[in-house]
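Let me begin by presenting the structure, written as structure tokens, before commenting on it.
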Protein chains: 2
Amino acid sequence: MKRTSIGQVECPVARALDKIGDWWSLLIIRDAFDGMRRFGEFQRSLGISKGILTARLKHLVAIGVLEMTPISDEDGYQEYLLTDKGRDLFLVTVSLRQWGEDHCFGKSEHHSVLVEKANGQRVQRLALRGRDGKEISESATFVRKVADTPRRPHNPKRRRAARR
Amino acid sequence: MKRTSIGQVECPVARALDKIGDWWSLLIIRDAFDGMRRFGEFQRSLGISKGILTARLKHLVAIGVLEMTPISDEDGYQEYLLTDKGRDLFLVTVSLRQWGEDHCFGKSEHHSVLVEKANGQRVQRLALRGRDGKEISESATFVRKVADTPRRPHNPKRRRAARR
DNA sequence: CAGTATCCCCCCTGATACTG
DNA sequence: CAGTATCAGGGGGGATACTG
């Protein structure tokens, strides 16, 4: 009964979620950012079953977010490393972290924090900025669909009703 | 067969994903940012079945990301509006969008873009900044676990081995 | 239109056992 | 240790029919 496909629409959010929007992928990626690279490390950290972990790692390798490299001169075993594409997901984890910190902890609960190596201080909160570099709010923006994007002079009959 | 719970760990990323990390929630939220508020709007936009949509909307209302408000003086019907907590998810969608734009479209494919209302220009890319406001890379940061957080002077026997 | 109710199937998930 | 293989169960998911 295949899930409705969300991977072919024009919305980048949908395409991104289609690739890494499942329950485990981002947690694996988070752990990878945290320095984990071995199968067993992920498994213990996540409390995930081996079968699922195998499938998820394969998927992440397949879409180019992780890469497998043999461990130097040891036999057989592999390590899972983030690719550049995978590292580009960092801000996704940061934005989730920020929201989690703000809304998912009780007053008396403590959580891990993202800090700078250089000085041990917490990083700044993420902020949306306009072209001029000044911070702007969500309400000052909107999503312009492809169909509404200004085209070159000779405008063919405007495509309509494309799903975002 | 309950999924392994990831909602009680000390990692804000995990807690956030536990709440809004399923396949549909962020897409519903994206649509809400896009101005959708009616059941039918979401349904048509997402191509999701009614049953699932009902469940997802209920969940999002339950965790305080959406709120239901009766439509003024019409009978019966409701609208689903983002709460402040929900609006705080904006940067999550932006970071996903950014990654999607970079890695999920072919050279010849077009996608929607996030622009400023004021001038119609695309917003800046998100960037991580240190305390001093200067942009820093992922490799210049690390996650400090609660157990490793410096405590007040009289240090009780350091808690160890907490799961992030 | 906005759901609720039902049915059914598939697959995701977890557990366990097995292999190199 | 790093998987593969297999199994069982539950629930997510789609489709359709029904209600106010």
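In the text below, chain A, chain B and the rest are named by the order of the sequence lines, each starting its count at 1.
- When rounded to the nearest whole Å, the span between CZ of B:Arg44 and C1' of C:dG3 equals 14 Å.
- The CD1 atom of B:Ile29 sits 9.0 Å away from the CG atom of B:Leu27 when rounded to the nearest 0.5 Å.
- Distance A:Leu53 CG to C:dA15 P: 14 Å, rounded to the nearest Å.
- You'll find that the side chain of B:Phe39 is closest to C:dG3, out of D:dA2, C:dT4, C:dG3.
- Atom-to-atom, CD of B:Gln43 to P of C:dA2 comes out at 9 Å; the value is rounded to the nearest Å.
- Regarding A:Arg56, its CZ atom lies at a distance of 11 Å from the C1' atom of C:dC11, rounded to whole Å.
- Look at CG on B:Asp22: it is 10 Å from C1' on D:dG12, rounded to the nearest Å.
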Canonical and wobble pairing (Watson-Crick, G-U, under 3.5 Å) of DNA chain D, dot-bracket with |: ||||||||||||||||||||
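- If you check D:dT4, D:dG12, C:dG3 against the side chain of A:Thr54, the one that comes closest is D:dT4.
- B:Asp132 is not listed as a side-chain neighbour of A:Asn119, based on a closest heavy-atom distance of 4.5 Å or more.
- Relative to the side chain of B:Lys50, the nucleotides C:dG3, D:dT4, C:dG14 differ in distance, and C:dG3 lies closest.
- A:Tyr80 comes within 4.0 angstrom of sugar-phosphate atoms only, judged by non-hydrogen atoms across all strands, and of no base.
- Each of D:dG3, C:dC1, C:dG14 was ranked by its minimum atom distance to the side chain of A:Ser49; first place goes to C:dG14.
- A donor-acceptor pair shorter than 3.5 Å can be found between the side chains of B:Arg97 and B:Ser112.
- Remark: the backbone N or O of A:Val146 is paired with a side-chain donor or acceptor of A:Glu10 at under 3.5 angstrom.
- With a 6.0 Å cutoff to the six-membered ring centre and a 45° limit on the axis angle, B:Arg15 counts as a cation-pi contact of A:Phe105.
- Candidate nucleotides D:dC1, D:dG12, C:dG14 were compared by shortest atom distance to the side chain of A:Arg38, and D:dC1 ranks first.
- Between the C1' atom of D:dG20 and the CD atom of B:Gln78 lies a distance of 14 Å, rounded to the nearest Å.
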Test log, rule side chain to side chain contact (heavy atoms under 4.5 Å, CB included), inputs B:Cys11 and A:His111: CA-CA 6 Å; B:Cys11 174; A:His111 56 74; over 6 Å; no
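- Between B:Arg37 and B:Asp31, no side-chain nitrogen of the basic residue sits less than 4.0 Å from a carboxylate oxygen of the acidic one, so the salt-bridge criterion is not met.
- Look at CG on B:Leu66: it is 15 Å from P on C:dA2, rounded to the nearest Å.
- Proximity of B:Lys58 to the phosphate of C:dA2: no side-chain N or O atom is located under 4.0 Å from OP1 or OP2.
- A:Glu79 places its CD atom 16 Å from the C1' atom of D:dG3, with the value rounded to the nearest Å.
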